[in-house]
Amino acid sequence: MKRLIKKVAVIGSGIMGSGIACHFANIGVEVLLLDIIPKEPNEAELKKGLTIESKAVRNRIVNTNLQTALKSSPSPIYHQKFASRITTGNTTDDLEKIKDVDWIIEVVVERLDIKKAVYEQIEKYRKPGTLITSNTSGIPIKFMSEGRSEDFQKHFCGTHFFNPARYLKLFEIIPTENTSQEVLDFLNEYGEKFLGKTSVIAKDTPAFIGNRIGIFGIMSLFHLVKEMGLTVEEVDKLTGPVIGRPKSATFRTVDVVGLDTLVHVANGLYENCPNDEAHELFKLPDFVKTMLENNWFGSKTGEGFYKKVDKDILALDLNTLEYRPQKKASFQTLELTKTIDKPIDRFKVLVKGTDKAGEFYRKNFTAMFSYVSNRIPEISDELYKIDDAMKAGFGWENGPFEIWDAIGVEKSLALMEAENHKPALWVTEMISNGIKSFYTVKDGATYYYDIPSKSYKKVSGQDAFIILDNIRETKTIWKNNEAEIQDLGDGILNIEFKSKMNSIGSGVLQGINKAIDLAEKDYQGLVIGNQATNFSVGANIAMIFMLAVEQEYDELNMAIRMFQNTMMRIRYSGIPVVAAPHGMTLGGGCEICLHADKVVAAAETYIGLVEFGVGVIPGGGGSKEMTVRAADLFRKNDVELNVLQEHFLTIGMAKVATSAYEAYDTNIFQKGKDVVVVNKDRQIAEAKKHALLMAESGYTQPAQRNDIKVLGKQALGMFLVGTDQMKVGKYISEHDQKIANKLAYVMAGGDLSEATLVSEQYLLDLEREAFLSLCTEKKTLERIQYMLTKGKPLRN
């Protein structure tokens with residue numbers, strides 16, 4: 001049957017319920033968010049003369065929770081205006097409204113009796129065929145729908161979102177024996193396609209997949225840290241970005257999630273998994289018990305494994321249980337990985353370490369390998385689902401079986417034996433049958449080792465994706481040290497940046513020009529996209545700094561001209577060029593998007609022209625393009641200066657959109673032209689579709705512009721007065737004013753006596769001249785150097 005989700009009801013408005021409501025609003029769904037009514041008016045309400053009959057009082061809990069969520073950082077919603085898609089109410093007065101929804105999601109307190117009581121009320125109003133799911137993480141799904149009707153049970157299952165719902169991609173779907181296959185198939189596809197999630201169908205076992213493995217990993221570390229005498233700083237150093245995990249690593253993550261929350265799940269696993277071979281690891285170490293007694297839960301109580309005192313962040317000494325200044329953690333083994341860009345390539349080196357770090361990794365990884373292999377088929381029949389769950393739910397770049405492959409399955413077995421850890425029998429059988437890895441790639445698709453058939457099977461759901469890692473070896477047609485060009489098929493090429501943090505230097509610019517040359521000659525279109533953490537952090541400022549310090553101004557002028565010419569090549573090539581930004585898309589990365597024929601952006605795109613932070617203006621066509629976009633919005637009798645000023649402030653305030661949807665507000669993305677995809681995994685495939693559609697629709701090479709209206713002295717005067725007032729008011733420094741005045745000169749088109757039509761090249765020349773002049777300034781060089789060494793902007 002065809003099923004559409006136009007409206008959902010979320011029952012329970014706590015952190016998780018409000019987050020889920022916001023994410024459905026993010027994708028355009030109408031949401032009814034309900035919670036209980038308070039027992040009585042509070043003091044503030046009584047002062048206003050409100051009674052329990054007042055709607056404001058009755059909806060206080062749900063409204064307060066939603067507003068708290070909307071004000072939180074990072075925001076649960078792509079754009080604040082999307083909050084209008086959420087209607088609030090209470091379960092006493094408004095529950096009957098669920099008859100009009102397509103999906104009911106229960107997110108109430110984790111008590112079976114309360115959930116069952118809620119379902120009894122829901123069934124009074126729910127229309128047959130409506131999906132009904134629970135976001136529980138600790139109660140067996142099979143118990144929840146007992147006593148409910150056949151239709152209810154057929155359309156009921158668990159759908160476990162991870163918190164925060166917007167950012168964490170794991171979407172566990174947990175069926176009962178009565179859940180229909182149609183419901184499972186629908187939820188699996190809906191999660192991937194519309195919610196932008198990694199859908200994983202899990203078994204109804206304690207903590208499902210993600211938390212079962214994740215909590216084991218943390219509890220295992222809790223015991224290991226005492227055994228090895230490690231500090232919290234050392235563990236966070238070892239378990240963070242160096243192994244492809246979030247910056248919050250282990251102990252900072254526990255502080256954010258809440259130690260009480262972690263312990264609740266760990267206790268549940270200890271009680272409900274008596275036959276788990278790692279059962280004793282779910283027991284709480286003494287230091288955790290003491291922290292619980294002291295209410296040191298983490299961020300929510302102000303004290304956890306870390307504690308902020310004034311501007312200082314102290315760390316907890318696990319031996320004395322007293323807070324002390326943080327100590328810098330360093331290990332020789334980590335030094336050996338500094339030249340290895342990809343975490344997946346570091347694991348072989350890490351487990352060979354001869355210091356405490358190497359010992360830690362051997363103990364940690366072998367324990368994890370043993371545990372995950374023994375969870376099959378208990379929590380999942382397919383090993384790739386465990387990897388998917390850890391990557392999507394815990395932000396790991398690589399799952400346990402992928403890490404095991406990277407070290408080498410056979411080598412890891414020897415390490416496991418040395419650490420007294422045993423793999424599941426199926427692993428040794430796999431090796432004895434001559435199969436040496438859990439994954440392989442064939443014809444651009446990933447295959448996993450299927451235990452029952454003792455053979456490789458294709459990972460399902462890949463047809464909607466293009467995975468660059470899988471095609472790079474066979475589809476790369478050109479490469480240098482900083483870029484690779486792949487043939488995506490159907491006449492569409494892709495250029496992928498390979499430089500550090502995908503910064504844009506001469507190698508990337510050479511690659512873009514080469515890709516356009518190839519596409520114009522033998523192909524139909526080009527995608528500029530990659531699947532790294534970030535699209536691009538901008539121009540290679542180290543190169544700019546070096547040339548400026550050496551006063552190689554002719555070379556610097558040539559480099560900037562090459563950047564500008566490449567952006568204009570993107571704009572005026574003979575084939576459609578589609579940019580596919582995601583993550584940080586800053587400075588030069590943003591300028592690429594500004595010049596592409598179309599942008600297919602991931603919803604989680606953080607984009608902006610941030611050059612003011614390093615003491616310059618956008619020099620790769622960004623200043624020019626924002627001037628052009630402002631001019632294109634000029635309308636007869638409009639106050640043109642206001643439009644220009646808005647675009648000036650976008651650069652001058654270094655505004656960075658916190659989602660792709662916010663980028664429409666600053667005209668960096670353009671409505672009706674640029675599109676947003678929620679699932680980043682589908683982005684390259686979607687960008688390819690748009691490039692192909694443009695090519696097949698009869699793409700015509702655009703003519704260069706010479707009709708751009710600039711306002712001259714009228715605009716320049718306004719800008720200079722404004723920056724002078726900002727300087728007098730001490731809102732900006734003298735150097736900030738100098739940079740802003742240079743930008744003003746460019747965006748005004750110079751000090752022309754009247755409004756004039758100019759060409760893009762005219763504006764590019766002004767832009768480049770301003771950029772170069774700022775590179776001669778001592779304070780600009782100080783800003784660039786500070787960014788290179790400290791990784792953050794300097795105000796001087």
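The figures that follow rest on heavy atoms only: side chains count, while hydrogens, waters and symmetry mates do not. Throughout, residue positions are numbered sequentially from 1 according to the sequence presented.
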A.B. asks: With a 4.5 Å limit on heavy-atom distance, are the side chains of Cys593 and Ile668 in contact?
C.D. replies: no
A.B. asks: Is there a donor-acceptor contact under 3.5 Å from the side chain of Ser536 to the main chain of Gly538?
C.D. replies: yes
A.B. asks: Would you say that more than 12 heavy atoms from the other residues, nucleotides or ligands in this model lie under 6.0 Å from the CE of Met718, or not?
C.D. replies: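 Counting other residues, nucleotides and ligands, CE of Met718 exceeds 12 neighbours.
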A.B. asks: When you measure from the side chain of Arg166 to the backbone N and O of Ile77, does any donor-acceptor pair fall under 3.5 Å?
C.D. replies: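 Yes.
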A.B. asks: Between Gln486 and Glu496, do the side chains contain an N or O donor and an N or O acceptor separated by less than 3.5 Å?
C.D. replies: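 Yes, a side-chain donor-acceptor pair sits under 3.5 Å.
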A.B. asks: More than 12 heavy atoms of other residues, nucleotides or ligands under 6.0 Å from NZ of Lys673: is that the case?
C.D. replies: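 Yes.
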A.B. asks: Give me the atom names and distance for the closest heavy-atom approach of Val676 to Ala603.
C.D. replies: CG1-CA, 3.6 Å
A.B. asks: If we check side chain to side chain donor-acceptor pair (under 3.5 Å) with Ser773, which of these qualifies: Lys742, Arg768, Lys738?
C.D. replies: Lys742
A.B. asks: What is the minimum heavy-atom distance between Val746 and Ser623, and which atoms define it?
C.D. replies: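 Answer, listing the atom of Val746 first, then Ser623: CG1-CB, 4.2 Å.
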A.B. asks: Under the salt bridge (charged side-chain N to carboxylate O under 4.0 Å, His left out) rule, what do Arg569 and Asp517 come out as? Steps first, then yes or no, please.
C.D. replies: CA-CA 10 Å; Arg569 187 90 196 280; Asp517 285 343; 2.7 Å; yes
A.B. asks: Is the closest side-chain heavy-atom distance between Ile708 and Tyr762 below 4.5 Å?
C.D. replies: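 No, their side chains stay 4.5 Å or more apart.
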A.B. asks: Is the number of heavy atoms from other residues, nucleotides or ligands within 6.0 Å of OH (Tyr731) greater than 12?
C.D. replies: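 Open.
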A.B. asks: When you look at Ile739 and Ile617, which way does the side chain to side chain contact (heavy atoms under 4.5 Å, CB included) test go after all the steps?
C.D. replies: CA-CA 7 Å; Ile739 305 163; Ile617 68 168; 3.9 Å; yes
A.B. asks: What class does the angle between the rings of Tyr661 and Tyr78 fall in, given that below 30° is parallel, 30 to 60° is tilted and above 60° is perpendicular?
C.D. replies: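 Ring orientation of Tyr661 relative to Tyr78: parallel.
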A.B. asks: Passes side chain to side chain contact (heavy atoms under 4.5 Å, CB included), Val610 versus Val656? Steps please.
C.D. replies: CA-CA 8 Å; Val610 296; Val656 176; 3.4 Å; yes
A.B. asks: For the pair Glu482 (side chain) and Ser499 (backbone), establish whether a donor and an acceptor sit closer than 3.5 Å, ignoring hydrogens and angles.
C.D. replies: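 Checked: no pair found.
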A.B. asks: Hey, is the main chain of Ile466 close enough, under 3.5 Å, to the side chain of Asn470 for a donor-acceptor pair?
C.D. replies: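 No; zero donor-acceptor contacts below 3.5 Å.
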A.B. asks: Would you mind reporting whether Leu763 and Val710 have side-chain heavy atoms less than 4.5 Å apart?
C.D. replies: yes
A.B. asks: Only one of Glu646, His647, Glu625 clears side chain to side chain donor-acceptor pair (under 3.5 Å) with Asn667; which?
C.D. replies: His647
A.B. asks: Is Lys458 salt-bridged to Asp463, cutoff N-O under 4.0 Å?
C.D. replies: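 So Lys458 pairs with Asp463 through a salt bridge.
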A.B. asks: So, Gln761 and Asp765: side-chain donor and acceptor under 3.5 Å apart, yes or no?
C.D. replies: yes
A.B. asks: Ignoring hydrogens and geometry, is there a side-chain-to-backbone donor-acceptor pair from Glu484 to Lys479 under 3.5 Å?
C.D. replies: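 Not a single qualifying donor-acceptor pair exists.
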A.B. asks: When rounded to the nearest 0.5 angstrom, what distance separates CD1 in Ile528 from CG in Leu493?
C.D. replies: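 Output value for this atom pair is 11.5 Å.
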A.B. asks: Hey, is the main chain of Phe535 close enough, under 3.5 Å, to the side chain of Thr585 for a donor-acceptor pair?
C.D. replies: no
A.B. asks: For Phe465 and Val459, what are the C-alpha separation, side-chain angles and deciding distance, and is it a side chain to side chain contact (heavy atoms under 4.5 Å, CB included)?
C.D. replies: CA-CA 12 Å; Phe465 305 157; Val459 174; over 6 Å; no
A.B. asks: Test your reading of the model: is there a side-chain donor-acceptor pair from Arg682 to the backbone of Ala464, 3.5 Å cut-off?
C.D. replies: no
A.B. asks: Give a yes or no answer on whether the side chain of Gln524 reaches the backbone of Ala695 with a donor-acceptor pair at less than 3.5 Å.
C.D. replies: no
A.B. asks: Is the shortest heavy-atom distance from the side chain of Asn741 to the side chain of Phe719 under 4.5 Å?
C.D. replies: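 The answer is no, as the side chains (C-beta and beyond) never meet within the 4.5 Å cut-off.
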A.B. asks: Report yes if the side chains of Asp724 and Gln737 come closer than 4.5 Å at any heavy-atom pair, otherwise no.
C.D. replies: yes
A.B. asks: More than 12 heavy atoms of other residues, nucleotides or ligands under 6.0 Å from CD of Gln462: is that the case?
C.D. replies: yes
A.B. asks: Check this for me, if you would: do Glu604 and Lys680 make a salt bridge, where the nitrogen-to-carboxylate-oxygen distance has to be below 4.0 angstrom?
C.D. replies: no
A.B. asks: Checking salt bridge (charged side-chain N to carboxylate O under 4.0 Å, His left out) for the pair Lys169/Asp681: CA distance, chi angles, key distance, verdict?
C.D. replies: CA-CA 11 Å; Lys169 291 186 62 181; Asp681 293 337; 3.1 Å; yes
A.B. asks: Among Arg629, Lys624, Arg705, which residue satisfies the salt bridge (Lys or Arg N to Asp or Glu O under 4.0 Å) criterion with Glu760?
C.D. replies: Lys624
A.B. asks: Show the nearest heavy-atom pair for residues Ala602 and His582, with the distance to one decimal.
C.D. replies: CB-CB, 3.7 Å
A.B. asks: With no hydrogens and no angle check, do the side chains of Ser503 and Asn540 hold a donor and an acceptor under 3.5 Å apart?
C.D. replies: no
A.B. asks: Can you spot which of Asn494, Ile684, Asn502 makes a side chain to side chain contact (heavy atoms under 4.5 Å, CB included) with Asn530?
C.D. replies: Asn502
A.B. asks: For Asp443, is the CG atom crowded, meaning more than 12 foreign heavy atoms sit under 6.0 Å from it?
C.D. replies: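 No, the 6.0 Å shell around CG holds no more than 12 heavy atoms from other groups.
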A.B. asks: Please name the pair of heavy atoms, one in Met562 and one in Leu509, separated by the smallest distance, quoted to 0.1 Å.
C.D. replies: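 Closest approach of Met562 to Leu509: CE-CB, 3.7 Å.
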A.B. asks: Do Phe347 and Ile243 come within less than 4.5 Å of each other through their side chains, counting heavy atoms only?
C.D. replies: yes
A.B. asks: So, do Met787 and Pro793 sit near enough that their side-chain heavy atoms are less than 4.5 Å apart?
C.D. replies: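 When only atoms from C-beta onward are counted, Pro793 and Met787 do touch, with a gap below 4.5 Å.
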A.B. asks: Between Glu640 and Ala631, is there a donor-acceptor pair closer than 3.5 Å when you use the side chain of the first and the backbone of the second?
C.D. replies: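 Side chain of Glu640 to backbone of Ala631, a donor-acceptor pair under 3.5 Å: no, none is there.
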A.B. asks: Under 3.5 Å, is there a donor on one side chain and an acceptor on the other for His79 and Ser659?
C.D. replies: no
A.B. asks: Heavy atoms only: give me the nearest Cys775-Ala548 pair and the separation to one decimal.
C.D. replies: O-CB, 3.7 Å
A.B. asks: We want to know whether Asp597 and Tyr699 form a side-chain donor-acceptor pair, criterion being a heavy-atom distance below 3.5 angstrom.
C.D. replies: yes
A.B. asks: For the pair Glu520 (side chain) and Ser573 (backbone), establish whether a donor and an acceptor sit closer than 3.5 Å, ignoring hydrogens and angles.
C.D. replies: no
A.B. asks: I would like to know whether Gln714 and Leu644 meet side chain to side chain contact (heavy atoms under 4.5 Å, CB included); could you show each step before the answer?
C.D. replies: CA-CA 11 Å; Gln714 180 191 11; Leu644 187 64; over 6 Å; no
A.B. asks: So, taking the atom named CG in Asn557 and the one named CG in Leu547, what distance separates them when rounded to the nearest 0.5 Å?
C.D. replies: 11.0 Å
A.B. asks: If you measure from the Lys or Arg side-chain nitrogens to the Asp or Glu carboxylate oxygens, is any gap between Asp736 and Arg795 under 4.0 Å?
C.D. replies: yes
A.B. asks: Under the criterion side chain to side chain contact (heavy atoms under 4.5 Å, CB included), which of Val577, Val675, Val527 is the partner of Lys598?
C.D. replies: Val675
A.B. asks: For the residue pair Glu397 and Ile344, establish whether any side-chain heavy-atom pair is separated by less than 4.5 Å.
C.D. replies: no
A.B. asks: Near Lys689 NZ, under 6.0 Å, is it more than 12 heavy atoms from other residues, nucleotides or ligands?
C.D. replies: no
A.B. asks: Looking only at heavy atoms, which two atoms of Ala601 and Phe669 are closest? And how far apart?
C.D. replies: CB-CE1, 3.6 Å
A.B. asks: Can a side-chain donor-acceptor contact be found between Lys391 and Thr198 if the only test is distance below 3.5 angstrom?
C.D. replies: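 There is no such pair between these side chains.
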